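Every chain is numbered from 1 and lettered A, B, ... according to where its sequence line falls, protein lines coming before strand lines. All of these numbers come straight from a predicted model, not from anything done at the bench. Values below: every heavy atom of this structure, side chains too, minus hydrogens, waters and symmetry copies.
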Amino acid sequence: MSEPKGHALALLSLTKKYGDFVAVADVTLDVGRGEFLTLLGPSGSGKTTILMAVAGFVAPTAGAILLDGRDITPLPPEKRDFGMVFQGYALFPHMTVAENVAFPLRVRRLPRAERDARVRAALDLVQLEAFADRLPRQLSGGQQQRVALARALVFDPALLLLDEPLSALDKKLRAELQEELKALHRRVGRTFVNVTHDQEEALSLSDRIAILNHGRLVQAGAPGALYERPRTRFVADFLGKSNFLEGTVWGPAPGGFALDVGGARLAVRLPDGESPPAEGARSLLSLRPEKVALLSGEESAENIAEGRILAFAYHGTGFALRVETAHLGEIRAILPAWKAPIAPAEGLAVRLGWAADAAVPVQEDAA
Amino acid sequence: MSGAGRPGAGWWLLLLPALVLVVVFYVAPIAQVLTISVTEPEPGLGNYERLFTSPAVQRVILTTLRICIITTAIALLLGYAIAYAITLASPRARGWWILAVLVPLWISVLVRAFAWVTLLRRQGLVNNTLLELGVIAEPLPLVWNEFGIIVGMVHYMVPFAVLPMLASMREIDPRLLAAARGLGASRGEVFRRVFLPLSMPGVIAAGVLVFIFSLGFYITPAILGGGKTLMVAEWIGLQILDLVRWGLGTMMATMLVVAILLTLAVFSRIVDLRRIFGAGG
Amino acid sequence: MDGAYRSGPAGRFLAWSTALYLVLPILIVLPVALTDQRFLSLPYERISLQHFRTVLTSPEWLGSIWQSFTIALASTALSVVAGTLCAIGCWRISRRATEMVRVLMLLPLIIPSIVYAIGLYRYFGALDLLDRFLGVVIAHGVTGIPYVVITVSTALAAFDPRLEQAARGMGASLSQTLRWVILPRIAPGIFSGAIFAFIHSWDELVMVLFIASRDVFTLPRRIWDGINENLDPAMAAVAVLLILFTLLLLMADLALRRRSQGR
Ligand SMILES: Nc1ncnc2c1ncn2[C@@H]1O[C@H](COP(=O)(O)OP(=O)(O)O)[C@@H](O)[C@H]1O
Ligand SMILES: [Mg+2]
């Protein structure tokens with residue numbers, strides 16, 4: 001599947017108000033052909049509203065929705081030809097699995113033979129051929145979810161919209177279906193727009209993630225880029241965990257700048273092309289716990305902080321430490337179990353270290 | 001019931017007053033009706049033979065069935081439209097719609113029949129208005145016939161039809177309707193393929209309710225039929241009060257009860273009767 | 001979702017027409033009651049309260065109103081006591097064991113009143129209860145039980161049986177538990193049932209036609225005679241008064257439900 005078959009979607013300054021309440025504020029976003037895009041944000045951040053606007057159920061207050069450059073904002077939902085998986089699946093309880101999947105084909109008046117063939121192919125795609133004659137309530141949650149997927153894909157939609165498709169499933173099943181969903185996306189090569197509040201799901205599934213907060217688009221990008229270089233405190237905090245270090249810029253340093261935090265001086269290296277903030281300005285750093293190492297004896301690092309272990313927890317794959325440092329306040333670190341040089345204990349004096357490019361300057365969020 | 005175990009005999013005593021009242025003053029008089037139908041004027045099934053031999057009896061039954069079926073069909077249609085509007089209305093509008101259904105439900109059936117007489121009789125408001133507007137030259141026969149009975153009965157039955165249908169429509173997940181549209185169905189198709197089938201239990205329950213209520217209806221047909229079109233309830237009254245033919249009257253009353261119980265028995269296989277008689281059933 | 005799903009123009013038209021069909025004919029009695037003519041019509045030159053005056057000064061109408069009111073009060077008391085106790089008993093004893101009792105209690109809703117009325121005509125004749133206040137009260141009281149059973153059962157369905165068990169466990173007797181734990185919680189349901197039972201008796205005609213004749217002459221009976229004999233605007237005035245009274249009762253019920261839900 002080298003050449004993507006899907007269609008491109010663009011949101012231009014999309015805004016939705018309910019009375020005075022702004023549910024979606026001026027969101028501009030491109031979704032490429034065949035891309036798997038996830039809208040990620042806390043509950044109430046406007047994800048569903050955006051998805052429903054794309055599907056045609058919510059009329060935007062302002063802005064436009066383009067499909068391959070064509071304005072589809074005024075089209076009613078049934079004219080848009082988008083597949084949709086609803087939160088809670090919305091399977092028709094009075095129809096069998098096969099009838100559910102056949103529904104979009106029936107309303108499109110496809111001939112009987114073709115309809116049957118495509119229903120079979122779609123059920124095949126989600127491995128539910130054997131369940132064609134069951135009613136939805138006779139299926140498990142994961143199976144219902146797959147019926148919803150088959151129903152949304154059977155008519156070869158221009159776009160597949162998914163609203164929290166996995167949130168009703170238990171954790172193990174969720175992981176399983178994540179992989180299936182990803183494989184499905186690769187197989188059908190369509191453009192998928194997914195909505196979730198689960199950051200792990202977003203990271204593992206998506207080609208690109210758009211992060212929303214209070215109806216605004218905060219940052220969009222590939223999962224790795226977002227995770228490694230969050231632009232705001234909210235993104236750093238919502239996508240993974242983070243330590244935040246706030247201080248005054250002391251001056252430029254090779255490849256970056258030096259930051260004064262509570263009397264300690266930290267080295268910060270910036271990616272090529274980024275210029276350091278002005279001397280004396282306030283700056284906030286995000287430091288991922290897993291980038292903090294525990295230094296043994298004479299080991300050194302570009303940044304070092306000494307302190308005492310406040311608490312630790314064993315997670316199987318590693319240790320999570322909370323360390324009270326002399327200058328930087330409390331710092332969290334996550335160490336792979338095999339790499340921990342000592343047996344941690346509360347009150348133990350330790351030295352933490354991290355590279356100059358481990359900490360990323362982020363902006364404080366607008367209130 | 002867990003824990004506390006079997007409830008004591010004291011709780012059974014609570015049932016006693018109602019049981020005694022209902023058995024002594026409700027079941028007994030009705031049982032007597034059934035008995036009279038096979039004992040008067042002489043013991044045997046003579047009264048029931050009339051079902052097959054008397055054209056007058058057959059005519060009453062056929063008239064009643066015809067009126068009941070027409071009433072049920074129209075009440076279901078109109079009631080469905082209202083229940084549908086209530087289900088899809090905004091919460092504020094919903095209150096007004098429900099008021100429009102519940103207020104007639106509780107207003108005296110006599111008052112309503114009287115209102116229809118005022119409107120529909122020869123010199124009534126409808127005929128007078130139409131005459132003055134020159135739409136008609138002669139007053140239309142709108143009441144004291146089958147038409148008048150049906151107008152009045154449907155008016156009485158629509159609220160009863162709305163309630164069970166509304167209950168079953170409110171169980172329909174609105175996301176299913178959105179899903180159907182998102183999958184490409186037009187509004188008509190969403191209604192036909194999703195909404196209508198899912199609301200069917202309520203429609204059947206409403207149909208049963210309206211039909212059995214209509215069968216034994218007395219006041220509205222008596223007033224709006226003007227004594228010319230007889231339904232069974234009025235006919236029974238006539239046998240007892242005016243003609244003193246207890247055997248015939250009680251026979252028809254028995255048939256009425258049998259017809260109602262049969263209808264309930266048949267449909268209890270299809271729908272949960274609790275839908276018909278509310279939560280207490 | 002504003003674009004989600006709305007009814008089409010045909011459905012809306014039908015719903016509106018039906019609503020008008022339900023409400024307008026009832027409203028028409030108001031202008032007719034206010035007519036300045038001596039026959040059923042809309043007011044010609046001015047509105048007049050003369051027909052209300054006729055009704056409210058007529059000893060016959062006032063007598064019937066009073067009789068209907070006292071009968072309704074007495075029969076409601078009967079329905080409420082019997083129905084409430086029965087609903088509580090059924091609720092506590094378990095559904096299955098009392099299924100028959102419940103069906104029995106609902107019979108008066110299912111069996112047409114004409115059947116009951118002719119039965120009573122004969123039955124009360126033997127007991128010398130025909131044309132007697134007590135006879136009508138019994139008939140209305142017994143047939144009002146289902147309304148109370150339904151509303152009280154609904155109220156009880158939302159009531160945790162463990163509360164009752166806890167009260168008994170702490171040493172409360174059956175009657176103490178009833179008075180202090182159960183009755184206060186289901187009071188709104190009882191009140192609703194009482195209102196419905198009251199309206200039931202207040203409006204009831206079919207039984208009265210058979211078991212009462214001269215001494216007991218209730219309001220519906222007098223309206224019935226009026227409709228069949230002399231259709232005059234005084235009837236419309238009575239209808240208006242009846243509608244107002246019913247609305248008042250329903251509003252009381254609504255207000256009470258609001259209050260109990262607000263808690
Ligand atoms: N129909 C509506 N009327 C008023 N407010 C709404 C409506 N739909 C959504 N909202 C509000 O808009 C905000 C965004 O909602 P939504 O898009 O559902 O968030 P999410 O899916 O991210 O949890 C929420 O605060 C919600 O309360
Ligand atoms: Mg949502």
Under 4.5 Å from any heavy atom of chain B - which part of [X]:
X        : answer
C:Leu231 : side chain
C:Arg12  : neither
C:Leu127 : side chain
C:Leu242 : side chain
C:Thr246 : side chain
C:Thr143 : side chain
C:Ile227 : side chain
C:Leu247 : side chain
C:Ala139 : neither
C:Leu40  : both
C:Pro108 : both
C:Phe13  : neither
C:Val115 : both

Test item: [X] and [Y] side chains (from C-beta on) under 4.5 Å apart, heavy atoms:
X        : Y        : value
B:Phe114 : C:Val29  : yes
C:Pro112 : B:Leu215 : no
C:Leu104 : B:Val23  : yes
B:Val22  : C:Ile145 : yes
B:Val33  : C:Tyr116 : no
B:Val24  : C:Val142 : no
C:Val32  : B:Leu125 : yes
C:Ile111 : B:Tyr26  : yes

With respect to chain B, which residue among [options] yields the maximal number of heavy-atom pairs within a distance under 4.5 Å?
options                            : result
C:Ala236, C:Gly11, C:Ala157        : C:Ala236
C:Cys86, C:Ala15, C:Ala82, C:Gly89 : C:Ala15
C:Asn228, C:Leu42, C:Val101        : C:Leu42
C:Val23, C:Val81, C:Leu205         : C:Leu205

Decide side chain to side chain contact (heavy atoms under 4.5 Å, CB included) for B:Val111 and C:Ile243; before the verdict, give the C-alpha distance in whole Å, the side-chain angles of both, and the deciding distance to 0.1 Å. CA-CA 8 Å; B:Val111 168; C:Ile243 292 173; 3.8 Å; yes

Heavy-atom pair of closest approach, residues [X] and [Y]:
X        : Y        : result
C:Pro25  : B:Ala115 : O-CB, 3.1 Å
C:Leu22  : B:Ala100 : CD1-O, 3.7 Å
B:Leu241 : C:Leu209 : CD1-O, 4.5 Å

Rounded to the nearest 0.5 Å, how far apart are [atom1] of [X] and [atom2] of [Y]?
X        : Y        : atom1 : atom2 : result
C:Ser17  : B:Ile82  : OG    : CD1   : 9.0 Å
B:Ser108 : C:Ile199 : OG    : CD1   : 10.5 Å
B:Leu77  : C:Thr18  : CG    : OG1   : 7.5 Å
B:Leu13  : C:Leu85  : CG    : CG    : 10.5 Å

What part of [X] gets closer than 4.5 Å to chain C, counting heavy atoms only: side chain, backbone, both or neither?
X        : value
B:Val20  : neither
B:Leu110 : both
B:Val151 : both
B:Ile30  : side chain

Return the option, out of [options], with the maximum number of heavy-atom pairs under 4.5 Å with chain C.
options                                : value
B:Leu102, B:Leu119, B:Ile86, B:Val232  : B:Leu119
B:Asn128, B:Ile223, B:Thr87            : B:Ile223
B:Glu234, B:Gln239, B:His155, B:Met252 : B:His155
B:Ile36, B:Leu78, B:Val101             : B:Leu78
B:Leu256, B:Leu21, B:Leu34             : B:Leu21
B:Ala233, B:Ala85, B:Pro17             : B:Ala233

Aromatic rings C:Tyr123 and B:Phe25: how do their planes relate, parallel, tilted or perpendicular, breaks at 30° and 60°? perpendicular

Step by step, work out the side chain to side chain contact (heavy atoms under 4.5 Å, CB included) result for C:Met105 and B:Leu19. CA-CA 8 Å; C:Met105 292 302 143; B:Leu19 269 181; 4.1 Å; yes

Set out, in order, the CA-CA distance, both residues' side-chain angles and the distance that settles side chain to side chain contact (heavy atoms under 4.5 Å, CB included) for B:Phe217 and C:Ile114, then state yes or no. CA-CA 8 Å; B:Phe217 214 43; C:Ile114 180 72; over 6 Å; no

Close contacts, residues 156-163 of chain B versus chain C, judged by heavy atoms under 4.5 Å: B:Val158, B:Pro159

Walk me through it: do C:Cys90 and B:Leu15 pass the test side chain to side chain contact (heavy atoms under 4.5 Å, CB included)? CA-CA 7 Å; C:Cys90 288; B:Leu15 303 184; 3.8 Å; yes

Would you confirm whether the ring centroid of [Y] sits within less than 6.0 angstrom of the ring centroid of [X]?
X        : Y        : result
B:Trp246 : C:Tyr121 : yes
B:Trp116 : C:Tyr21  : yes
C:Trp16  : B:Trp97  : yes

